[in-house]
Amino acid sequence: MLAASLNFRDLLMVTGRYNPRQPLPLVPLSDGCGVVEAVGPGVAALQVGERVATCFAQGWVAGKPTRAGLKQTLGGPLDGTLREAMVLPELGVVPVPDHLSDVEAATLPCAALTAWTALVEHGQVAPGETVLVQGTGGVSIFALQFARMAGARVIATSSSPAKLQRALDLGAHDGIDHKAEPAWGKRALELTGGAGVDHVVEVGGGGTLQESLRAVKPGGHVALIGVLSGSSTSASLLPILMQAVRVHGVLVGHREAFLRMNRAIGCHQLRPVVDRVFPWHDARTALEVLQSGQHFGKICVSF
Ligand SMILES: NC(=O)c1ccc[n+]([C@@H]2O[C@H](COP(=O)([O-])OP(=O)(O)OC[C@H]3O[C@@H](n4cnc5c(N)ncnc54)[C@H](OP(=O)(O)O)[C@@H]3O)[C@@H](O)[C@H]2O)c1
């Protein structure tokens, strides 16, 4: 292994909140980049010396997910990437774009693929559409980058004016401080001349859904990804039916989508936004920094 990256899920996992019944010990983290040191008999698609990234859901190669496939995820219940060497099936990894550093490549398996699945695979985001991304964490910053790559307009929300400025520097067209403006859905409506946004990258969950449904246009798309503000909601479900909104749950994505995403990343020379890199033996500090929410983009570890 060359590098690994952290996701909010890893924090939930190591604090016992993701699955309190997870058998221990467990090697944490789902995302990593490594170099192939050896291949077993019959392996045709991988070369020794090739750089690859891990697939989050080891049993989901293409098509619709299965219950069994969704149970084979790295960093719980399967042992994850915070280790110097690992053995994976041929279809459990993908080659990574050449222009990326090892650390950058390690950011792709969960956060990037989740944003890609939400906006491109499910959302079919198109030029001129408007995408609202919530916060400036790993998933949302990739969503911002993919939306820009597709020629869409981006409205970013954040609790921090300084982070909003960084989102604007990265290509967002408008920023909303959701702490200063709790009715940020209304503000998004105003920013779109009353039309509403085409896509919402919903990482807040229970506490943000109501504003997301206010921000989205009739017939628009809410990609339900995270529950940072809780998994229960008092939001009215009526706007979903009355405005024919499509709420689509996302669970990262499959290997074929990962390959398509990597082709796009290579073609556009997209560079993931890495906030900080820690040595692997300092992974605990890395998780604490993730928990503090100070980061912008991805927190990584290198080996
Ligand atoms: N379903 C899936 O496949 C999938 C995949 C990946 C992640 N997720 C989930 O998506 C969420 C984000 O994951 P991540 O790895 O990107 O996390 P992250 O990097 O830790 O990002 C967290 C950021 O989200 C913003 N935020 C926090 N609470 C918020 C709230 N109540 N409303 C709006 N924004 C808020 C903050 O940005 P500011 O500081 O700018 O405000 C914070 O820095 C998590 O719930 C995670 O479990 C789901």
Side-chain angles (χ1 to χ4, degrees), residues 5-15 17-19 29-31 55-57 60 65 70 73-76 107-119 121-122 132-145 155-168 170 172 175-182 184-185 188 200-212 215 222-233 235 247-254 257-258 272-276 286-300:
S5 80
L6 277 57
N7 293 286
F8 195 78
R9 174 181 183 269
D10 302 315
L11 191 59
L12 298 176
M13 194 67 78
V14 300
T15 51
R17 289 175 287 163
Y18 192 88
N19 175 11
L29 310 190
S30 59
D31 295 10
C55 292
F56 173 80
W60 190 14
L70 292 182
T73 50
L74 296 179
T107 66
L108 302 178
C110 179
L113 185 54
T114 299
W116 174 269
T117 300
L119 286 181
E121 304 279 333
H122 294 177
L132 184 140
V133 301
Q134 294 175 353
T136 55
V139 173
S140 300
I141 292 300
F142 272 117
L144 188 167
Q145 292 179 294
I155 300 175
T157 73
S158 176
S159 56
S160 148
K163 288 185 182 181
L164 274 182
Q165 186 54 53
R166 289 184 70 184
L168 293 171
L170 204 57
I176 307 174
D177 181 334
H178 68 81
K179 269 211 171 136
E181 284 196 73
W184 51 266
V200 178
V201 175
E202 175 59 89
V203 295
T208 47
L209 185 62
Q210 185 172 317
E211 289 306 310
S212 295
V222 176
L224 199 53
I225 292 171
V227 289
L228 288 167
S229 64
S231 55
S232 333
T233 184
V247 179
H248 201 148
V250 179
L251 192 83
V252 188
H254 50 63
F258 199 166
V273 176
V274 175
D275 183 286
R276 286 172 74 176
L287 283 158
E288 284 165 357
V289 171
L290 184 79
Q291 186 164 30
S292 75
Q294 297 160 6
H295 59 291
F296 181 93
K298 295 297 296 176
I299 295 174
C300 303

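These numbers were taken from a predicted model, which means no experiment stands behind them. Whatever order the structure lists ligands and atoms in, that order sets their numbers, starting from 1. Atoms considered below: every heavy atom in the structure, side chains included; atoms not considered: hydrogens, waters and symmetry mates.
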Can you see whether Glu202 engages Thr208 through a side-chain donor-acceptor pair at a distance of less than 3.5 angstrom? yes
Taking 4.0 Å as the limit for heavy-atom contacts, which would you say applies to Thr114 with ligand 1: side chain only, backbone only, both, or neither? side chain
Do Ser212 and Gln134 meet the criterion of a side-chain donor-acceptor pair at a distance under 3.5 Å? yes
What are the atoms of ligand 1, with element, lying closer than 4.0 Å to any heavy atom of Ser229? 31 (N)
Identify the protein heavy atom lying closest to atom 18 (P) of ligand 1, giving its residue, its atom name and the separation to 0.1 Å. His295 NE2, 3.4 Å
I want to know if ligand 1 touches Leu224 in the polar sense, i.e. an N/O pair below 3.5 angstrom. no
Pull out every atom of ligand 1 sitting under 4.0 Å from any heavy atom of Ser158, numbered as shown with elements. 38 (P), 40 (O), 41 (O)
Under 4.0 Å from ligand 1, counting heavy atoms only, is it the side chain of Leu290, its backbone, both or neither? side chain
Heavy-atom distances under 4.0 Å are what count here, so tell me which part of Lys298 touches ligand 1: side chain, backbone, both or neither. neither
Residue, atom and distance of the protein heavy atom nearest atom 9 (C) of ligand 1 read Gly226 CA, 3.6 Å
Nearest protein heavy atom with distance in Å, relative to atom 37 (O) of ligand 1: Thr136 N, 3.2 Å
Considering distance alone, does some N or O of Gly297 sit under 3.5 Å from an N or O of ligand 1? no
min-distance protein heavy atom vs atom 25 (C) of ligand 1 -> Gly135 CA, 3.8 Å
Under the 4.0 Å line, does any protein heavy atom show up next to atom 4 (C) of ligand 1? yes
Distance from atom 46 (C) of ligand 1 to nearest protein heavy atom, with residue and atom: Phe8 CB, 3.9 Å
Which atoms from ligand 1 have a heavy atom of Thr208 less than 4.0 Å away? 32 (N)
Lys298 side chain vs Leu6 backbone, donor-acceptor pair below 3.5 Å: yes
May I ask you to check whether Arg9 has an N/O atom sitting below 3.5 Å from an N/O atom of ligand 1? no
Using a strict 4.0 Å cut-off to heavy atoms of Val250, name the atoms of ligand 1 that fall inside it. 1 (N), 2 (C), 3 (O)
Gly138-ligand 1 polar pair, N/O distance under 3.5 Å: yes
N/O donor-acceptor pair under 3.5 Å between Ser158 side chain and Gly135 backbone: no
For atom 48 (C) of ligand 1, what's the nearest protein heavy-atom neighbour? Residue, atom name and distance, please. Ile225 O, 3.0 Å
Val252 heavy atoms, cut-off 4.0 Å: which ligand 1 atoms fall inside? 2 (C), 3 (O)
Verify, without hydrogens or angle tests, whether Lys163 (side chain) and His295 (backbone) share a donor-acceptor contact under 3.5 angstrom. yes
Below 4.0 angstrom from a heavy atom of Gly137, which ligand 1 atoms are there? Numbered from 1 as shown, please. 16 (O), 18 (P), 19 (O), 21 (O), 23 (C)
Identify the closest protein heavy atom to atom 33 (C) of ligand 1: which residue and atom is it, and at what distance? His178 NE2, 3.9 Å
Using a 3.5 Å cut-off on N or O atoms only, is Gln134 in polar contact with ligand 1? no
Can you tell me which portion of Cys110 lies within the under-4.0 Å heavy-atom range of ligand 1? Options are side chain, backbone, both, or neither. side chain
Is a donor on one side and an acceptor on the other found under 3.5 Å between the side chain of Ser229 and the backbone of Gly204? yes
Say whether Ser159, considering both its backbone and side-chain N or O atoms, lies within less than 3.5 Å of an N or O atom on ligand 1. yes
Tell me the protein heavy atom at minimum distance from atom 27 (C) of ligand 1, and give that distance in Å. Leu228 CD1, 3.6 Å
Contacting atoms of ligand 1, where contact means under 4.0 angstrom from a heavy atom of Val227: 45 (O)
Interatomic distance, CE@Met13 vs OG@Ser30, rounded to 0.5 Å, equals 8.5 Å
Judging by distance only, is a nitrogen or oxygen of Lys163 under 3.5 angstrom from one on ligand 1? yes
